[in-house]
**Student:** 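One structure, pasted below without further comment.
Values below: every heavy atom of this structure, side chains too, minus hydrogens, waters and symmetry copies. Chain identifiers are assigned alphabetically (A, B, ...) following the order of the sequence lines, protein sequences preceding nucleic acid strands; residue numbering begins at 1 within each chain.
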2 protein chains.
Amino acid sequence: MSNALCGTCPNRDVGFCAHGIAERRFRIVRRGQLITAQNEPSQEVFVLCEGWAAQFMALADTRRQILGFLLPGDMLTPTGLVSDRIDCSVLALTDVQVNVSSRAAVATRFEREAWLQRIISESITEKLNETRRLLTIVAQGSAEERIAFLILHLSHRIKRRSVVREERYFFPLLQQHIADALGLTPVHVSRVLASFRARGWMQIYDGVLQILNRQELERIGSF
Amino acid sequence: MSNALCGTCPNRDVGFCAHGIAERRFRIVRRGQLITAQNEPSQEVFVLCEGWAAQFMALADTRRQILGFLLPGDMLTPTGLVSDRIDCSVLALTDVQVNVSSRAAVATRFEREAWLQRIISESITEKLNETRRLLTIVAQGSAEERIAFLILHLSHRIKRRSVVREERYFFPLLQQHIADALGLTPVHVSRVLASFRARGWMQIYDGVLQILNRQELERIGSF
DNA sequence: CGTAGAGTTGATCAAACTCAAGTATGGTGG
DNA sequence: CCACCATACTTGAGTTTGATCAACTCTACG
């Protein structure tokens with residue numbers, strides 16, 4: 001359960017890494033590449049060690065829906081441990097390092113260690129709640145509301161994982177990704193972000209998000 | 001585990017009723033009433049015996065998002081067994097009969113019967129996949145695509161539960177409910193349904209949905 | 001340099017919303 | 001039994017939000 005690489009990992013106490021699920025195998029995936037592909041019955045379980053990724057469903061044409069963003073410490077497809085069918089892909093948004101464990105090995109541990117199954121259930125439940133909130137804001141909110149929501153949601157998740165100063169956050173998303181998550185076009189995302197910037201609410205520059213007026217963003221982007 | 005009322009229930013082999021989770025207590029809820037309310041820490045577990053219900057999140061103003069429709073045999077809030085926080089309400093769409101079990105009793109059985117926890121995990125995973133598909137069609141699809149998707153999705157679920165003849169389905173939803181599930185206005189739902197009717201694809205009359213051209217609906221409403 | 005990718009900005013367009021007035025239906029009380 | 005009302009649905013006219021199309025800038029990189 002101890003692990004040479006994980007031993008020095010800054011995320012060792014975060015997410016699934018904290019539960020000692022990981023084996024010692026790793027894989028590097030370049031920005032823009034798929035980590036797992038849709039409809040591919042997975043024999044492996046992945047935990048994200050470094051970098052960001054996005055889970056998405058592809059439609060018949062070029063449209064795609066980003067279902068959620070994955071940060072270091074997140075398990076890529078916890079549902080793969082419960083059901084065989086994985087119906088979404090995972091895309092590396094930055095260069096990424098993932099920890100690879102065999103599904104069979106994790107499944108075997110399930111039998112003996114009930115708390116482990118409980119952890120997975122809780123994680124899937126949290127994913128469900130997150131997805132419901134995203135659905136709600138996408139279905140009910142304007143473009144401004146959706147974008148404010150996403151910015152706040154991500155800043156919150158980053159804050160839980162690392163120390164944040166002066167409301168400045170590591171933020172590798174392209175406007176294209178924001179658009180794919182919220183059901184908007186990149187062009188319109190650009191316009192809304194420009195207007196938030198002009199109002200002095202926030203800015204994204206060179207991969208860094210800076211929140212300048214959280215209160216106004218929350219007024220727009222909360223339920 | 002045997003149960004006087006459940007013994008004659010037409011849904012006894014369907015959903016959670018088939019797993020003998022239920023106790024002998026029941027509750028009747030009238031159409032339009034809430035079965036459970038948001039942010040109310042539930043000490044009870046409900047299984048829907050009869051009628052339809054809808055799970056929804058309410059926003060600050062009058063907007064609401066329907067997260068999913070519940071049919072006989074469905075457990076109202078399986079996530080309530082995993083985490084304490086329930087953040088959505090359940091509304092009775094018809095007069096409804098629910099089976100009430102104490103959460104503590106079910107939790108105790110979890111300890112001893114691992115398969116039961118597995119059933120719940122699978123059910124939550126399925127809910128997650130369903131929600132992801134809804135999110136995808138709501139974010140990426142036109143009003144016609146969304147409505148065709150929902151009609152097909154519901155007809156499929158009904159078919160799994162009961163014998164269906166001539167593509168006629170019990171369908172108690174109001175246009176308002178379709179609108180709340182898909183992020184549309186009732187007015188626009190009315191227009192789209194009228195156009196589907198005019199094209200001879202489907203009709204809803206007096207609580208009965210009739211699908212007249214499934215192929216065309218699938219062309220529009222599938223991924 | 002030259003090219004590709006990301007973002008910006010303007011002009012035009014279409015899908016869906018809003019507002020409003022109407023019909024059809026069922027239930028209720030006189 | 002009928003008059004009245006509330007609720008669901010329909011339909012029309014005008015408006016708004018966000019999409020589409022296109023041109024342009026900026027940066028990184030070979």
Side-chain angles (χ1 to χ4, degrees), chain A residues 30-33 52 54 59 61-65 91-95 137-151 171-199 202-209 220, chain B residues 30-33 52 54 59 61-65 91-95 137-150 171-199 202-209 220-221:
Chain A
R30 293 270 158 235
R31 181 170 79 90
Q33 302 297 305
W52 283 35
L59 276 75
D61 48 32
T62 63
R63 291 177 287 182
R64 63 161 58 165
Q65 175 61 31
L91 171 74
L93 301 178
T94 65
D95 290 349
I137 203 72
V138 165
Q140 304 295 332
S142 67
E144 290 200 348
E145 289 171 323
R146 297 182 212 182
I147 290 176
F149 169 84
L150 181 63
I151 295 293
F171 195 84
L173 300 194
L174 303 181
Q175 295 183 356
Q176 176 71 63
H177 301 133
I178 299 175
D180 285 342
L182 299 178
L184 300 167
T185 56
V187 174
H188 199 61
V189 170
S190 169
R191 281 188 234 271
V192 172
L193 288 179
S195 107
F196 283 0
R197 211 184 305 131
R199 284 180 249 178
M202 54 155 288
Q203 58 192 14
I204 298 169
Y205 180 69
D206 204 23
V208 174
L209 159 71
I220 297 293
Chain B
R30 292 269 159 236
R31 182 169 78 92
Q33 301 297 305
W52 283 35
L59 276 75
D61 46 31
T62 62
R63 291 177 288 182
R64 65 161 55 164
Q65 175 61 31
L91 172 73
L93 300 180
T94 64
D95 289 350
I137 203 72
V138 165
Q140 304 295 332
S142 66
E144 290 199 350
E145 291 170 323
R146 296 183 214 181
I147 291 175
F149 168 84
L150 182 63
F171 195 83
L173 300 196
L174 302 182
Q175 295 183 355
Q176 177 71 62
H177 301 133
I178 299 175
D180 284 343
L182 299 178
L184 300 168
T185 56
V187 174
H188 199 58
V189 170
S190 168
R191 281 188 232 271
V192 172
L193 288 179
S195 108
F196 283 1
R197 212 184 305 130
R199 285 180 249 177
M202 53 155 287
Q203 58 193 12
I204 298 169
Y205 180 71
D206 204 22
V208 174
L209 160 71
I220 297 291

**Student:** Looking at residues 139-147 of chain B, who's got a heavy atom less than 4.0 Å off DNA chain C?
**Tutor:** S142(B), A143(B)
**Student:** Y205(A) OH to dC26(D) P: how many Å, rounded?
**Tutor:** 12 Å
**Student:** Provide, to the nearest angstrom, the distance between the CZ atom belonging to F196(A) and the C1' atom belonging to dT8(C).
**Tutor:** 17 Å
**Student:** Looking at every heavy atom in both A181(B) and Q65(B), which two are closest together, and how far apart are they?
**Tutor:** O-NE2, 2.9 Å
**Student:** Can you measure from CG (D180(A)) to CG (L91(A)) and round to the nearest 0.5 angstrom?
**Tutor:** 9.5 Å
**Student:** Check the pair R191(B) / S195(B) against side-chain hydrogen bond (donor to acceptor under 3.5 Å, both in side chains), numbers first and verdict last.
**Tutor:** CA-CA 6 Å; R191(B) 281 188 232 271; S195(B) 108; over 6 Å; no
**Student:** Strictly under 3.5 Å: I want the nitrogen or oxygen pairs between protein and nucleotides 9-12 of chain C, one per line.
**Tutor:**
from    : atom 1 : to      : atom 2 : distance (Å)
dG10(C) : N7     : R191(A) : NH1    : 3.1
dG10(C) : O6     : R191(A) : NH2    : 3.1
dA11(C) : N6     : R191(A) : NH2    : 3.2

**Student:** Within the 4.0 Å heavy-atom criterion, would you say L184(A) contacts the bases, only the backbone, or no part of the nucleic acid?
**Tutor:** sugar-phosphate
**Student:** With a 3.5 Å distance limit and no angle check, can you tell me whether R146(A) reaches the backbone of G141(A) through a side-chain donor-acceptor pair?
**Tutor:** yes
**Student:** Expressed as a whole number of angstroms, how long is the span from R31(A):CZ to dC29(D):P?
**Tutor:**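 My rounded result for the distance is 9 Å.
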**Student:** Measuring from atom CD of E145(A) to atom CG of L59(B), what distance do you get when rounded to the nearest 0.5 angstrom?
**Tutor:**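 Answer for the CD-CG pair, E145(A) versus L59(B), is 8.0 Å.
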**Student:** Determine to 10° how strongly the helix from dC1(C)-dG30(D) to dG30(C)-dC1(D) is bent, judged from the axes of its five-pair ends.
**Tutor:**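 Nearest ten degrees gives 30° for this helix.
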**Student:** Send over the distance from D180(A) CG to dA6(C) P, rounded to a whole Å.
**Tutor:**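 Result: 12 Å.
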**Student:** Just checking G183(B): base, sugar-phosphate only, or nothing, at a heavy-atom cut-off of under 4.0 Å?
**Tutor:** sugar-phosphate
**Student:** Taking atom CE of M202(A) and atom CG of L193(A), what is their separation to the nearest 0.5 Å?
**Tutor:** 5.0 Å
**Student:** Within this structure, what is the NE2-to-C1' distance between H188(B) and dA14(C), rounded to whole angstrom?
**Tutor:**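 To the nearest whole Å, that distance equals 11 Å.
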**Student:** Let me know the distance between CD1 of I178(B) and P of dC9(D), rounded to the nearest Å.
**Tutor:**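 It works out to 8 Å between those atoms.
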**Student:** Is the phosphate of dT10(D) approached by Q175(B) (side-chain N or O, under 4.0 Å from OP1 or OP2)?
**Tutor:** yes
**Student:** Decide yes or no for D206(B) and V208(B): does some side-chain heavy atom of the first lie under 4.5 Å from some side-chain heavy atom of the second?
**Tutor:**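 The answer is no, as the side chains (C-beta and beyond) never meet within the 4.5 Å cut-off.
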**Student:** Measure the spacing between CG of L173(A) and CG of L93(A) and express it to the nearest 0.5 Å.
**Tutor:**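 Here the rounded value is 6.0 Å.
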**Student:** Just verifying a value: how many Å separate L182(A) CG and F149(A) CZ, rounded to the nearest 0.5 Å?
**Tutor:** 8.5 Å
**Student:** Could you tell me the separation between the CG atom of L174(B) and the P atom of dA24(C), rounded to a whole number of Å?
**Tutor:**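 Taking CG of L174(B) and P of dA24(C), I get 20 Å after rounding.
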**Student:** Hey, is the main chain of G183(B) close enough, under 3.5 Å, to the side chain of Q140(A) for a donor-acceptor pair?
**Tutor:**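 Such a contact is absent between Q140(A) side chain and G183(B) backbone.
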**Student:** Would a 4.5 Å heavy-atom cut-off, applied to side chains only, mark I147(A) and L184(A) as touching?
**Tutor:** yes
**Student:** I need the NE2-P distance between H177(B) and dC9(D), as an integer number of Å.
**Tutor:**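 Rounded to the whole Å, the gap is 9 Å.
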**Student:** For T185(A) and for D206(A), locate the closest nucleotide of DNA chain D by heavy-atom distance; then report the residue assigned to the nucleotide nearer the 5' terminus.
**Tutor:**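 This one resolves to T185(A).
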**Student:** Could you give the distance from CZ (R31(A)) to CD (Q33(A)), rounded to the nearest 0.5 Å?
**Tutor:** 10.5 Å
